[in-house]
Amino acid sequence: MTPRALLSRLRLAPLLHDGHHLRRLVSAAAASPPDEAPPGAPPPPPSNSRLFVAGLSWSVDERSLTDAFSTFGTVTEVRIIYDKNSGRPRGFGFVHFSNDHEAKCAKDAMDGKVMLGRPLRISFALEKVRGAPVIVPRLSTVK
DNA sequence: GTTGAGCGTT
């Protein structure tokens, strides 16, 4: 009995014929670069076109926020965060701009400005948003 | 009818 016939009897032949599976896995692993930043690298910058706006008065709504920020660029989305259970505003929100330049201008201009009696605290948003493009900071991206 | 640092309700 040939070795091949023996493999057939053991039902191992399909596995050997399916070598492309293994090849796909190997090439995929080789194609994806390591996402581990080298030690000593600067921390990845937060997202640039979305602003985290804190220090909001309880009575500020999306309309007034949009009005306040749209003078610096195109506001694509404004979101004020409310408590899931109580429904009360949590006093912060997010302002999305169409590009990062507008966001930076708005941040520089509005950070620290008082709105309805309370000073705004603005910084760039951290977490990505559902549906937004996933931006993985790489060394070539950092200037 | 209140409160005050923070990173997002589907």
Side-chain angles (χ1 to χ4, degrees), chain A residues 3-4 6-143:
Chain A
R4 177 154 216 99
L6 190 58
L7 285 175
S8 267
R9 285 206 177 179
L10 295 175
R11 308 169 89 153
L12 287 176
L15 288 181
L16 297 182
H17 280 283
D18 220 13
H20 67 277
H21 267 136
L22 184 58
R23 249 174 276 128
R24 255 183 27 214
L25 289 177
V26 169
S27 60
S32 60
D35 49 1
E36 203 63 39
S47 146
N48 29 29
S49 66
R50 310 185 315 255
L51 295 181
F52 168 72
V53 183
L56 293 176
S57 169
W58 309 130
S59 49
V60 171
D61 57 350
E62 279 116 354
R63 174 53 188 266
S64 49
L65 257 195
T66 308
D67 290 347
F69 281 87
S70 55
T71 67
F72 304 99
T74 304
V75 176
T76 61
E77 183 182 351
V78 169
R79 196 143 155 197
I80 291 184
I81 307 308
Y82 296 91
D83 187 78
K84 240 180 293 188
N85 305 109
S86 68
R88 295 207 201 112
R90 290 179 58 188
F92 68 91
F94 296 88
V95 178
H96 294 203
F97 283 90
S98 59
N99 65 67
D100 50 346
H101 172 71
E102 298 171 344
K104 179 180 171 47
C105 287
K107 171 175 143 42
D108 291 344
M110 294 294 290
D111 193 12
K113 296 213 72 173
V114 312
M115 192 174 195
L116 267 49
R118 294 199 73 91
L120 261 43
R121 306 179 43 224
I122 305 183
S123 49
F124 292 104
L126 294 179
E127 308 216 352
K128 60 178 174 149
V129 130
R130 195 173 56 102
V134 179
I135 301 174
V136 181
R138 303 213 182 274
L139 283 182
S140 56
T141 314
V142 180
K143 289 186 201 145

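Just so we're on the same page: letters track the sequence lines, and every chain starts at 1. Atom set for the values below is all heavy atoms of this structure, side chains included, hydrogens, waters and symmetry mates excluded.
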Across the strands shown, which category fits [X] at heavy-atom distances under 4.0 angstrom: base, sugar-phosphate, nothing?
| X | result |
| --- | --- |
| A:S86 | nothing |
| A:L51 | nothing |
| A:G87 | nothing |

* Distance from A:M110 atom CE to A:T71 atom OG1, nearest 0.5 Å? ->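 Here the rounded value is 7.0 Å.
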
* State the CZ-OG1 distance between A:F97 and A:T74, to the nearest 0.5 angstrom. => 8.5 Å

* Structure fact -> Of A:D83 and A:P89, the one whose nearest nucleotide on DNA chain B sits closer to the 5' end is A:P89

* **Nearest-nucleotide 5' precedence on DNA chain B, A:W58 against A:I81** => A:W58

Could you state the atom-to-atom distance from [atom1] of [X] to [atom2] of [N] in whole Å?
| X | N | atom1 | atom2 | value |
| --- | --- | --- | --- | --- |
| A:R88 | B:dT9 | CZ | C1' | 16 Å |
| A:L126 | B:dG8 | CG | P | 8 Å |
| A:F92 | B:dC7 | CZ | P | 7 Å |
| A:L65 | B:dG8 | CG | P | 17 Å |
| A:F52 | B:dC7 | CZ | C1' | 5 Å |
| A:Y82 | B:dT3 | OH | C1' | 17 Å |
| A:R90 | B:dG4 | CZ | C1' | 12 Å |
| A:I80 | B:dG6 | CD1 | C1' | 15 Å |

* Between A:L120 and A:V114, is a side chain to side chain contact (heavy atoms under 4.5 Å, CB included) present by the stated rule, with each step listed? -> CA-CA 6 Å; A:L120 261 43; A:V114 312; over 6 Å; no

* Determine, step by step, whether A:D61 and A:S64 satisfy the side-chain hydrogen bond (donor to acceptor under 3.5 Å, both in side chains) criterion, reporting the C-alpha distance in whole Å, the side-chain angles of both residues, the deciding distance to 0.1 Å, and the verdict. => CA-CA 6 Å; A:D61 57 350; A:S64 49; 2.6 Å; yes

* Output the residues of residues 114-124 of chain A in contact with DNA chain B, where contact means a heavy atom of the residue under 4.0 Å from an atom of the strand; sort by number or write none. =>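 When residues 114-124 of chain A is checked for heavy atoms under 4.0 Å from DNA chain B, the hits, listed by number, are A:R118, A:R121, A:S123, A:F124.
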
* **Residues that A:F52 engages under ring pair (Phe, Tyr, Trp, His ring centres under 6.0 Å), provided they are two or more places apart** => A:F92, A:F94

* Asked: Can you tell which of A:E62, A:R63, A:H96 makes a side chain to side chain contact (heavy atoms under 4.5 Å, CB included) with A:V78?
  -> A:E62

* Going through the checks in order, is the side chain to side chain contact (heavy atoms under 4.5 Å, CB included) test met by A:L65 and A:M115? -> CA-CA 9 Å; A:L65 257 195; A:M115 192 174 195; 4.2 Å; yes

* Using the six-membered ring for Trp and the full ring for Phe, Tyr or His, decide whether A:F94 stacks on the six-membered base ring of B:dG8 (centres under 5.5 Å, planes under 30°). =>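 So A:F94 counts as stacking on the base.
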
